[in-house]
Number of protein chains: 2
Amino acid sequence: MKKTIIVFSLLILALLVLFQFIKYTLVSGDLQTEYVMAIIAIIFFGIGIFINKKAQNKQQTSVKKEINYKKIEDLGLSKREYEVLQQVASGLSNQEIADKLFVSESTIKTHVSNVLVKLNAKRRTQAIQISKALNII
Amino acid sequence: MKKTIIVFSLLILALLVLFQFIKYTLVSGDLQTEYVMAIIAIIFFGIGIFINKKAQNKQQTSVKKEINYKKIEDLGLSKREYEVLQQVASGLSNQEIADKLFVSESTIKTHVSNVLVKLNAKRRTQAIQISKALNII
DNA sequence: AGCAATTTAGTACTTTAGTATGAGCTTCAA
DNA sequence: TTGAAGCTCATACTAAAGTACTAAATTGCT
């Protein structure tokens, strides 16, 4: 925010200086009107694009789906449970997850069961859907 | 594309007319140089924003996750199979999907089984993952 | 009309998923 | 050090999911 203010202040200052400069050079007859218009056109064209790009970037970053870590905590998901949830969402079976995390299938079943309760889901597919809706995966 | 060309042609034409107009009014001394500069600045500022917005929209539509209908066809998914896939992705069980679409669970099982083969998935959770990766849901 | 693809449905089975419960182990804070 | 929380694992179930057929009805297209 502070950066934005400084940048804009400097920009406006630069423009005022430019305008004064152009006015004097016009009066002294060194430059043709056409050139002045062209310079102004190009500068403001650039400013338009620049400002617009800034605005759109801000929009994008706010729209972009970021993982809601606070929500994970609120749901009471433990580290391991969350890990298992991620693997479930990637389409793995309990056995595959067990192999990947070097534990038994029973353990994964326990974790998945706990995740389902905490997410208030009936099935793992529903857990995936809910997780995506809550931006936790 | 044709629209773009027409719009730009008209825009350039309008600008040329404007420039000529400004030149003559300047010569006749009706307008002050400051105002002319201001008008040009505003116009090109607007053009800059407009063009940039167009460009970004195009970028976004290519980045934005839109359903890849061509891919659905390529995979050979039938209308009904795709419908079932969507329900699966929303976290419903076979029985729930059956009730929703007014058919038997057997039918849904058949559809799901076909979808799994076509998506090269072992489980419905994997089918969801693959579908999202392919932007077909 | 006739063929191909789609949709529907069933049976019979195997495999996964999910629940319930109990229990051992570790960690970390009160 | 005691207790809560987390991770682990097991057993014994029940419930879904998924496979492999077969087959009839429907639809779309030539």
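Every chain is numbered from 1 and lettered A, B, ... according to where its sequence line falls, protein lines coming before strand lines. Note that these values count all heavy atoms, side chains included, but never hydrogens, waters or copies made by symmetry. As the structure is a computational prediction, the values presented were derived from the model and not from experiment.
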Just the rounded figure in Å: distance from [atom2] of [N] to [atom1] of [X].
X         : N       : atom1 : atom2 : result
Phe102(A) : dC9(D)  : CZ    : C1'   : 18 Å
Tyr82(B)  : dA5(C)  : OH    : P     : 23 Å
Asn114(A) : dT21(C) : CG    : C1'   : 13 Å
Leu116(A) : dA15(D) : CG    : P     : 17 Å
Ile108(A) : dT11(D) : CD1   : P     : 17 Å
Lys109(A) : dA23(C) : NZ    : P     : 20 Å
Gln95(A)  : dA17(C) : CD    : C1'   : 12 Å
Leu92(A)  : dT16(C) : CG    : P     : 13 Å

In terms of side-chain heavy atoms of [X], which of [options] is nearest?
X         : options                  : answer
Arg124(A) : dA9(C), dA17(C), dA17(D) : dA17(C)
Ser106(A) : dC9(D), dT7(C), dT11(C)  : dC9(D)
Thr110(B) : dG10(C), dT6(C), dT8(D)  : dG10(C)

Any side-chain heavy atom of [X] sitting closer than 4.5 Å to one from [Y]?
X         : Y         : value
Val112(B) : Leu85(B)  : no
Leu77(B)  : Val115(B) : yes
Arg80(B)  : Leu101(B) : yes
Asn135(A) : Lys71(A)  : no
Lys122(B) : Ser93(A)  : no

Under 4.0 Å from OP1 or OP2 of [N]: is there any side-chain N or O of [X] that close?
X         : N       : answer
Asn94(A)  : dA17(C) : yes
Ser104(A) : dA10(D) : yes
Thr107(B) : dT7(C)  : no

First of His111(B) and Arg123(A) reached from the 5' end of DNA chain C, by closest nucleotide: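 Per heavy-atom nearest nucleotide, the more 5' residue is His111(B).
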
Whichever of Lys79(B) and Glu105(B) has its nearest DNA chain C nucleotide further upstream toward 5':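 The residue closer to the strand's 5' end, by nearest nucleotide, is Lys79(B).
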
Just checking Ser93(B): base, sugar-phosphate only, or nothing, at a heavy-atom cut-off of under 4.0 Å?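 Contact class for Ser93(B): sugar-phosphate only.
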
